[in-house]
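Everything below concerns the one structure shown next.
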Amino acid sequence: MKKVTARAALTVVLMAGASAPALAQQAAQGQAAQGQAAQAAVVPEVVVVGNRMALPTIPGSATILGAEVLERSQVYSVNEALRKVPGVMPREEEGLGLRPNIGIRGLNPTRSSKTLLLEDGIPLTFAPYGDNASYYHPSLERFERIEVLKGSGQIAFGPHTVGGVVNYITPNPPKETSGAIGLRGGNRDYYEATANIGGTYGQTGLLLNALRKEADGARDNIHVGVTDVTGKLVQPLGRNQAVTLKLTRYEENSQITYSGLTLAEYSADPRQNPFRNDRFDSERWGASLTHRVDFTDTVALTTAVYGSTFDRYWWRQSSNSAQRPNDSSDPRCGGMANLDTTCGNEGRLREYVAFGVEPRLSASYRTGAFDGDFLAGVRAHYEDQDRLQVNGDTPTARSAGTTANGGVREDNERKVDAYSAFVQNRFDFGRFALTPGVRMEAIDFERTNRLTGQQGSTDLTEWVPGLGATVQATEEVTLFGGVHRGFSPPRVEDVVSNAGGTVDLEAERSWNWELGLRGAAVPGVEFELAWFRMDFDNQIVPASVAGGTGAALTSAGETLHQGMELGARLDSAAMFGTEGYSVYAAGAWTWLWDAEFKGRRFSSVSGFGTVSVTGNDLPYAPEHLLSLTLGYQRDAGPGLEVEAVYTGSMYTDDLNTVAVTADGQRGRMDAYWLFNVQANWTVPGTPVTLYATAKNLFDRTVVVDRSRGSIPNNPRLLQAGAKWTF
């Protein structure tokens, strides 16, 4: 599909949405709607958790990273932020979090494919049904808070309900004209400039946010540049309605590689990168139109109409450390000596279009026996993938090429039509509440090979039930628990072959259990403790984690994940009433004592297909994860924060290989600690705040990924900056 067609499709979506009610809401927001009919409607906002006041009603584990936490920690990437959430393991790749690999409760983190990523409640990835991979991620500076929801509440969102939901919330326009300008720089050619301004004029709220960032990555010959712009308009429509329009544009132009290092290369220099000709260029346009109408003080209809286009052009000379370079069948390209020439480039050229509409109805009601909160919704979602692979002699043009494998190697169109519906109801009996629900997903997959004219299609329908409960043990402490069906649909390319045939690869299905306790035992001490168990009938894992065989998927069959999470925060201001300052501490601990292959299972590593791996650990599932933060902050003055992050050892293949293989793609990754320090100072009598940070304070070098060869973490990063608010 050409760009002009994609833009036209997006325009049609927005025009259709202008006359449709919009925006999705949690049941907790349905409660918040009471008493608002006589006032202006609330700003339309899609949330999965809400605010801290809503936490006692959530029948599952939930974490909110607010603006204060993100600001104090001066997080460098989304990976840094999500390490503060129990149960979440973000795996590094290029060093800046542009393509995060987010794993939840021991699920494989590759491309965040098992995690549902949302922005303001709307799907963030370019193809959440047909190719849920995070080759794009917006800058963290765009958001004011992050919500993470696990447990049975996931069924209200979908389609992926196996691990958890990460929802990024953008700020709303302020009441008065205000804004901020920030500048930050550091080593490894890092600089960042941010600006935002907004206000409410009459009844119209406007907000504009812009960012430009450049930096070197974790290795040599990597430099990225990102531009991210967001515009938001909020407009009341009478006394009981409001509409929000949001437009986003994201652009990345990077010199960045795909491949990791062999064992010999990593041993010689872990920061090296031979592939200096690799390029990654992408552009994303996104839009959403949301509308809420309060029919009464307890009944609201909300809908989201959304669309996006994403163009990704990645020219690379190697796809993994075992094939160097890509076009090794050509005698001229058969060795590393040719990497500095124009030999062996592959252009993985992708264009995606996605759009949809999702109305939801929320209602609160009372009966003689109980109170109730009802939430139901439907979604129609469409995706179109235009995928082209060109093997050429230059990394910047669609050249036919003169190498043995030159020319167009793939020309595919892949489509998904997805329709879903869900209903859930919270029955509140006072101290005890029960929330049953069910979700239905109906998905049609289609694939066309334009080179041969072959076409194939298939479909699946899945019912996803869930049941959650809360018990108010005291005014400050809540027990919660639940069980729900985990579901994650396959990609188009995994169920329809390039020849048009149907591939026997089932969707992922699991039964997920959870039991927990959260609250504030004493003022200033907040905690959440949760036990979880995920029993998979058929877990799908990337074959690359079992031997570097690329992006193909394989069935891991029955697997078991079981463990415990603990999140806690202490603040002296609330505990002891300290005035003008606070001493605070926070921690997130994950103990995954089971993450293993069950049933009858044999290795996916080439040459080991007859070796049983039953009982072995799942790849990239460390037993322990720990994040500890200690800080001091004056209301107007200096602040200091120290953070320690621990990542346990983990295997990278189903054989649980310990010694690192020659290609660097298999072998145990050792446990490690990293330390970060952040300082800030609000200049007295001015609206200026100064920052300084040291990430990886002791400059430790460790392996963080082996899926395509060994990849190191970021070296020590020293940064300083200033922020002026007005």
For the pair Asn713 (side chain) and Val702 (backbone), establish whether a donor and an acceptor sit closer than 3.5 Å, ignoring hydrogens and angles. yes
Value rounded to 0.5 Å, distance of CG in Leu140 from OH in Tyr76: 12.5 Å
Pairs of donor and acceptor atoms involving the side chains of residues 518-530, under 3.5 Å and at least two apart or interchain, shall be tabulated with distances.
{"unit_1": "Arg518", "atom_1": "NE", "unit_2": "Leu55", "atom_2": "O", "d": "3.0"}
{"unit_1": "Arg518", "atom_1": "NH1", "unit_2": "Gly60", "atom_2": "O", "d": "2.8"}
{"unit_1": "Arg518", "atom_1": "NH1", "unit_2": "Glu528", "atom_2": "OE1", "d": "3.1"}
{"unit_1": "Arg518", "atom_1": "NH2", "unit_2": "Leu55", "atom_2": "O", "d": "2.6"}
{"unit_1": "Arg518", "atom_1": "NH2", "unit_2": "Ile58", "atom_2": "O", "d": "2.2"}
{"unit_1": "Glu526", "atom_1": "OE1", "unit_2": "Arg52", "atom_2": "NH1", "d": "3.3"}
{"unit_1": "Glu528", "atom_1": "OE1", "unit_2": "Ala62", "atom_2": "N", "d": "3.3"}
{"unit_1": "Glu528", "atom_1": "OE2", "unit_2": "Ala62", "atom_2": "N", "d": "3.3"}

For the student: nearest non-hydrogen atoms of Thr115 and Ile102, plus distance: OG1-O, 3.0 Å
State, to 0.1 Å, how close Asn79 and Gly97 come at their nearest heavy-atom pair, and which atoms those are. ND2-CA, 3.7 Å
If you round to the nearest 0.5 Å, how far is CZ of Phe280 from CG of Leu98? 8.5 Å
Min side-chain heavy-atom separation Val477-Leu517 under 4.5 Å: yes
If you define the side chain from C-beta out and look only at heavy atoms, does anything of Val229 sit under 4.5 Å from Leu208? yes
Can Trp531 and Glu514 be counted as having a side-chain donor-acceptor contact under 3.5 angstrom? no
Could you check whether Lys114 and Asn108, counting side-chain N and O atoms only, form a donor-acceptor pair closer than 3.5 Å? no
Can you confirm whether Arg83 sits close enough to Val78 that some side-chain heavy atom of one is under 4.5 Å from a side-chain heavy atom of the other? no
Is there a donor-acceptor pair under 3.5 Å between the side chain of Asn167 and the backbone N or O of Glu147? no
About how many Å separate CG of Asn696 and OH of Tyr672, when rounded to the nearest 0.5 Å? 10.0 Å
Minimum heavy-atom separation for Val49 and Ala54, please, with both atom names. O-CB, 3.6 Å
Between the side chain of Ser134 and the main-chain N/O of Arg99, is any donor-acceptor distance below 3.5 Å? no
Any donor and acceptor pair, going by atom type alone, linking the side chain of Glu565 with main-chain N or O of Thr590 inside 3.5 Å? no
Do Arg212 and Thr227 have a side chain donor and acceptor closer than 3.5 Å? yes
So which atom in Ala621 and which in Ala595 form the shortest heavy-atom distance, rounded to 0.1 Å? CB-CB, 3.8 Å
Pick one: which of Asp228, Asn196, Asn209 meets side-chain hydrogen bond (donor to acceptor under 3.5 Å, both in side chains) with Arg142? Asp228
With a distance cut-off below 6.0 Å to the six-membered ring centre and an angular limit of 45° from the axis, does Arg700 pair with Phe675 as a cation-pi contact? no
Can Tyr620 and Asp705 be said to form a side-chain hydrogen bond (donor to acceptor under 3.5 Å, both in side chains), step by step? CA-CA 9 Å; Tyr620 295 101; Asp705 184 16; 3.1 Å; yes
Yes or no on side-chain hydrogen bond (donor to acceptor under 3.5 Å, both in side chains) for Glu641 and Tyr632, after CA distance, side-chain angles and deciding distance? CA-CA 6 Å; Glu641 181 176 288; Tyr632 167 84; over 6 Å; no
Under 3.5 Å, side chain of Asp294 to main-chain N/O of Ala300, donor-acceptor pair present? no
May I ask you to establish whether Arg716 and Phe698 are in a cation-pi arrangement, using a distance under 6.0 Å from NZ or CZ to the six-membered ring centre and at most 45° from the ring axis? no
Hey, are the side chains of Pro59 and Ser152 touching, using non-hydrogen atoms and a 4.5 Å cut-off? yes
Does Gln678 form a side-chain hydrogen bond (donor to acceptor under 3.5 Å, both in side chains) with Gln74? I'd like the steps, not just the answer. CA-CA 7 Å; Gln678 293 78 235; Gln74 285 295 296; over 6 Å; no
Between Tyr190 and His223, does a ring pair (Phe, Tyr, Trp, His ring centres under 6.0 Å) hold up when you go through it step by step? CA-CA 9 Å; Tyr190 176 81; His223 188 81; over 10 Å; no
Are a donor atom and an acceptor atom from the side chains of Ser364 and Asp373 found within less than 3.5 Å of each other? yes
Identify whether the distance between the nearest side-chain nitrogen and carboxylate oxygen of Arg249 and Glu251 falls below 4.0 Å. yes
Contacts under 3.5 angstrom, residues 568-580 side chains, donor-acceptor by atom type, not counting sequence neighbours:
{"unit_1": "Asp571", "atom_1": "OD1", "unit_2": "Ala573", "atom_2": "N", "d": "2.9"}
{"unit_1": "Ser572", "atom_1": "OG", "unit_2": "Thr578", "atom_2": "OG1", "d": "3.3"}
{"unit_1": "Ser572", "atom_1": "OG", "unit_2": "Val583", "atom_2": "N", "d": "2.7"}
{"unit_1": "Ser572", "atom_1": "OG", "unit_2": "Val583", "atom_2": "O", "d": "3.4"}
{"unit_1": "Thr578", "atom_1": "OG1", "unit_2": "Ala573", "atom_2": "N", "d": "3.3"}
{"unit_1": "Thr578", "atom_1": "OG1", "unit_2": "Tyr581", "atom_2": "O", "d": "2.9"}

Whether Asn714 side chain and Gly95 backbone form a donor-acceptor pair below 3.5 Å: yes
Just how far is it from atom OG1 of Thr693 to atom CG of Asn680, taken to the nearest 0.5 Å? 11.0 Å
Taking the side chain as everything from C-beta on, heavy atoms only, tell me whether Thr248 gets closer than 4.5 Å to Pro138. no
In terms of heavy-atom contacts, Thr170 and Glu119 come closest through CG2-OE2, 3.6 Å
Has the side chain of Asn253 got a donor or acceptor atom that lies under 3.5 Å from a matching backbone atom of Gly225? no
Do His137 and Tyr168 get their side chains close enough for a donor-acceptor pair, meaning under 3.5 Å? yes
When you check the gap from the basic side-chain N to the acidic O, do Glu94 and Arg219 get nearer than 4.0 Å? no
Is Arg184 close enough and on-axis enough to Tyr191, meaning under 6.0 Å and within 45°, for cation-pi? no
Can you measure from CG (Leu625) to OH (Tyr646) and round to the nearest 0.5 angstrom? 9.0 Å
Is a salt bridge present between Arg271 and Asp220, judged by a nitrogen-to-oxygen distance below 4.0 Å? no
Polar side-chain atom of Ser73 near backbone of Leu70 as donor-acceptor pair, under 3.5 Å: no
Between the OG1 atom in Thr478 and the CD atom in Gln472, the distance rounded to the nearest 0.5 Å is 3.5 Å
Within the structure provided, determine whether Val683 and Trp681 are in side-chain contact (heavy-atom separation under 4.5 Å). yes
Evaluate the side-chain proximity of Tyr135 to Ser282: yes if any heavy-atom separation is below 4.5 Å, no if none is. no
List the steps and the verdict of side-chain hydrogen bond (donor to acceptor under 3.5 Å, both in side chains) for Ser61 and Arg105. CA-CA 12 Å; Ser61 57; Arg105 293 178 169 174; 3.0 Å; yes
Say whether, by atom type as modelled, one donor and one acceptor occur between the side chain of Thr682 and the main chain of Thr689 under 3.5 angstrom. no
For residues Ala81 and Ile146, report the shortest heavy-atom separation together with the two atoms involved. CB-CD1, 4.0 Å
Looking at Lys213 and Glu252, is any side-chain nitrogen of the basic one under 4.0 Å from a carboxylate oxygen of the acidic one? no
Looking only at atom types and distance, does a side-chain atom of Gln154 sit under 3.5 Å from a main-chain N or O of Gly151, one as donor and one as acceptor? yes
Do the charged groups of Lys695 and Glu92 touch, with an N to O distance under 4.0 Å? no
Presence of salt bridge, Arg111 and Glu93, under 4.0 angstrom: yes
